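Quantities reported herein were computed from a predicted structural model and do not represent experimental measurements. Order of the sequence lines fixes the chain letters, A, B, ..., with proteins taken first and strands second; residue numbering starts at 1 for each chain.
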Protein chains: 2
Amino acid sequence: MDDPVDAAILTEVSRDPRATLAQLSESVGLGVSAVQARLRRLEHSGVIVGYRAILDPEAVGKSLSAFIEITPLDPSQPDNAPELLEHLAEIEACHSIAGDASYILFVRVGTPRDLEALIRDIRLAASVSTRTTVVLQTFYENRPISLPGA
Amino acid sequence: MDDPVDAAILTEVSRDPRATLAQLSESVGLGVSAVQARLRRLEHSGVIVGYRAILDPEAVGKSLSAFIEITPLDPSQPDNAPELLEHLAEIEACHSIAGDASYILFVRVGTPRDLEALIRDIRLAASVSTRTTVVLQTFYENRPISLPGA
DNA sequence: CGTGAAATTCTTAGGGA
DNA sequence: TCCCTAAGAATTTCACG
């Protein structure tokens, strides 16, 4: 599905989505027009889901992050916790997992008090118990996906 | 530190870093030139760390993700696990945490066999024990950081 | 997939609140 | 200091070969 050229485009665009077509073109050894067409196809076909700016959490007042495992209090109820929690903007990610808990969230807040409030909101919104693991230090995150054919 | 205009720029650029200055300019109600200067300052001052393309993991052969908690086998040894593991491209994030384990990693691989190999590599490279939690389904991830002043 | 021309965007310099 | 306008350079876009 991905030939080497597409893989090269994806690798480059993962590291710098704001590179010009000319720069991409140079990296992958194809004309600007061809790169543009491939990039458009990769976007439209859903291989490229979107683009993000990576912000420094400290600089934007989100210095505290944590993992929150959650488990429904009443297993007999329909479980749609992910949708019930989606409106909480502090939640950056939500996965269902194999393990003791049902889901794990990754959250970012400014202060311990914000975390306390968020945990309360989560419990109320989704009728779940929580188990929170505070992040002490982040060594790296948001590293680009490494592609096989790169 | 961030006035409302900077916050608006950050919000927009988080959602679509490839928007043109004219589009940003429209969103924040400032001239193109002023927006460009602010964006440059936000980049240069480190508030904006970088940009990424978000790829569909399935489409690029990384359908299996997992959290791996790790703990040094010998607590008396100097602990530099994050650096020792940095060369493993399957590791997307590495945090130190408050809890039973010392660190938690988020990793992406293609198959269970790849995960097995990665866990072996991690144990060998950093002399750690591991506890792996497989992700069954990802409901959302990479949601942009929500800014206070937005 | 490459070429070329038109439309759009980026960049920089200069002036004003 | 911050913002706007304006002109030239660079890039994107798209039809055609």
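- The side chain of A:Gln36 contributes no N or O atom lying less than 4.0 Å from OP1 or OP2 of D:dC14.
- For residues 119-136 of chain A, the salt bridge (charged side-chain N to carboxylate O under 4.0 Å, His left out) pairs, not counting sequence neighbours, are A:Glu69-A:Arg131.
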For salt bridge (charged side-chain N to carboxylate O under 4.0 Å, His left out), just list the numbers for B:Glu92 and B:Lys62, CA-CA rounded to whole Å, side-chain angles, deciding distance to a tenth of an Å, and then say yes or no.
CA-CA 12 Å; B:Glu92 184 170 306; B:Lys62 301 285 184 178; over 6 Å; no
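- For B:Arg40, no side-chain nitrogen or oxygen approaches OP1 or OP2 of C:dC10 to under 4.0 Å.
- For the pair B:Leu24 CG and C:dC10 P, the computed distance is 8 Å after rounding to whole Å.
- In this structure, the side chain of A:Arg52 engages the main chain of B:Asn142 through a donor-acceptor pair within 3.5 Å.
- Nucleic acid contact class of B:Arg38 (heavy atoms, under 4.0 Å, all strands): sugar-phosphate only.
- Following rounding to the nearest Å, B:Leu21 (CG) and D:dA6 (P) show an atom-to-atom distance of 18 Å.
- Between the side chain of A:Ser33 and the base of C:dT3, at least one donor-acceptor pair of N or O atoms lies under 3.5 Å.
- Distance CG (A:Leu39) to P (D:dT12): 10 Å, rounded to an integer number of Å.
- Regarding A:Arg18, its CZ atom lies at a distance of 13 Å from the C1' atom of D:dT11, rounded to whole Å.
- Looking at B:Thr130, B:Asp79, B:Thr71 one by one, the single match for side-chain hydrogen bond (donor to acceptor under 3.5 Å, both in side chains) with B:Tyr103 turns out to be B:Asp79.
- B:Thr20 comes within contact range of the sugar-phosphate backbone alone, with a heavy-atom separation under 4.0 Å but no base atom that close.
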